[in-house]
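Note: hydrogens, waters and symmetry copies are ignored here, and every other heavy atom, side chains too, is used.
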Amino acid sequence: MTKLQYRGVAYDNATHEQLPTAPVEHVYRGQHFEAPLSHEAAAVDTEVELQYRGQHYHHQVDQAADQVNNG
């Protein structure tokens with residue numbers, strides 16, 4: 001893999017810091033949690049209707065995959 005660049009500075013993505021999988025205590029919006037900072041992404045539920053700023057969206061997994069795979 002070629003090195004990536006950010007603002008003209010080359011870096012190797014393979015050497016980035018990995019988040020620990022051990023649980024840590026943290027607070028989000030006043031709620032206390034004890035969970036790892038690194039976690040697997042949740043599976044996509046294509047039946048769920050998404051909303052953002054009043055606009056309705058639907059999952060378009062096939063179209064996104066085509067865009068990624070076909071460049």
**Report entry** Tyr52: partners by ring pair (Phe, Tyr, Trp, His ring centres under 6.0 Å), with sequence neighbours left out
**Finding:** none
Query raised in the report: Does Val24 offer a backbone N or O that forms a donor-acceptor pair with the side chain of His26 under 3.5 Å?
Result: yes
Query raised in the report: Looking only at heavy atoms, what is the nearest atom pair of Ala10 and Gln5, with distance?
Result: CA-CG, 4.0 Å
Query raised in the report: Between CD of Glu34 and CD of Glu25, what distance do you get to the nearest 0.5 Å?
Result: 6.0 Å
Query - Tyr28 OH: over 12 foreign heavy atoms closer than 6.0 Å - result: no
Report task. List, by chain and then residue number, the residues other than Val27 in its hydrophobic cluster (Ile/Leu/Val/Met/Phe/Trp/Tyr, side-chain heavy atoms under 4.5 Å); write none if there are no others. Result -> none
